Undergrad: 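Structure incoming, see below.
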Amino acid sequence: MADTDKNATVIDGSVDSDANVAGRIVSVVKQAGLYGVETYEKSLERSFGFQKKIAGITGVKPYGSLVETQEKVVMGVSGAATNVLRGVLS
């Protein structure tokens with residue numbers, strides 16, 4: 001009878017350990033996802049910053065206006081999507 005209790009304790013401990021490992025894996029994946037979202041946002045900001053510099057250098061006003069409009073649209077849609085992702089990953 002003592003062996004049965006010992007085996008049950010080992011199995012219960014193993015299940016708890018597996019749950020801890022799974023929880024840690026989920027936590028790490030969420031952190032990686034949040035890092036990916038932040039990296040994506042920064043790359044968009046830098047890309048539009050570069051495009052604005054090019055527009056300023058060329059001095060072509062319609063190009064500058066196009067870049068600003070594109071930035072507003074893309075950042076608006078992207079902002080909505082990244083907010084949803086942050087909610088899911090938090």
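Predicted, not measured: the structure shown is a model, and the values here were computed from it.
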Undergrad: Hydrophobic clusters here meaning ILVMFWY residues chained together by side-chain heavy-atom distances under 4.5 Å, can you tell me if Phe50 and Val60 are in one?
TA: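 Per the 4.5 Å side-chain linkage, Phe50 and Val60 are co-clustered.
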Undergrad: Measuring only between side-chain heavy atoms, which start at C-beta, is Arg86 closer than 4.5 Å to Glu38?
TA: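 Sidechains of Glu38 and Arg86: in contact.
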Undergrad: Any side-chain heavy-atom pair from Phe48 and Glu68 closer than 4.5 angstrom?
TA: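 Not in contact.
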Undergrad: For the residue pair Ala55 and Gly64, what are the closest heavy atoms and their distance?
TA: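 Closest heavy-atom pair between Ala55 and Gly64: CB-CA, 3.7 Å.
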Undergrad: Is any side-chain heavy atom of Glu71 closer than 4.5 Å to a side-chain heavy atom of Gln51?
TA: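 SC-SC contact between Glu71 and Gln51 ruled out.
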Undergrad: What's the separation between atom CD1 in Ile25 and atom CG in Asn20, rounded to the nearest 0.5 Å?
TA: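 With rounding to 0.5 Å, CD1 (Ile25) is 11.0 Å from CG (Asn20).
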Undergrad: Verify, without hydrogens or angle tests, whether Ser27 (side chain) and Gly23 (backbone) share a donor-acceptor contact under 3.5 angstrom.
TA: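 No.
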Undergrad: Search all heavy atoms of Leu44 against all heavy atoms of Ser78 and return the closest pair with its distance.
TA: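 So the minimum-distance heavy-atom pair works out to CD1-OG, 3.3 Å.
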Undergrad: Decide yes or no for Met75 and Glu41: does some side-chain heavy atom of the first lie under 4.5 Å from some side-chain heavy atom of the second?
TA: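 SC-SC contact between Met75 and Glu41 ruled out.
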Undergrad: Rounded to the nearest 0.5 Å, what separates atom OG in Ser65 from atom CD in Gln70?
TA: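 CD of Gln70 is found 12.5 Å from OG of Ser65.
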Undergrad: Using the rule that two of Ile, Leu, Val, Met, Phe, Trp, Tyr join whenever any of their side-chain heavy atoms come within less than 4.5 Å, decide whether Val26 and Leu34 are in one cluster.
TA: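 Shared cluster, no.
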Undergrad: Look at the side-chain heavy atoms of Ile, Leu, Val, Met, Phe, Trp and Tyr, link any pair under 4.5 Å apart, and say whether Tyr35 and Tyr40 land in one connected group.
TA: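 Tyr35 and Tyr40: separate clusters.
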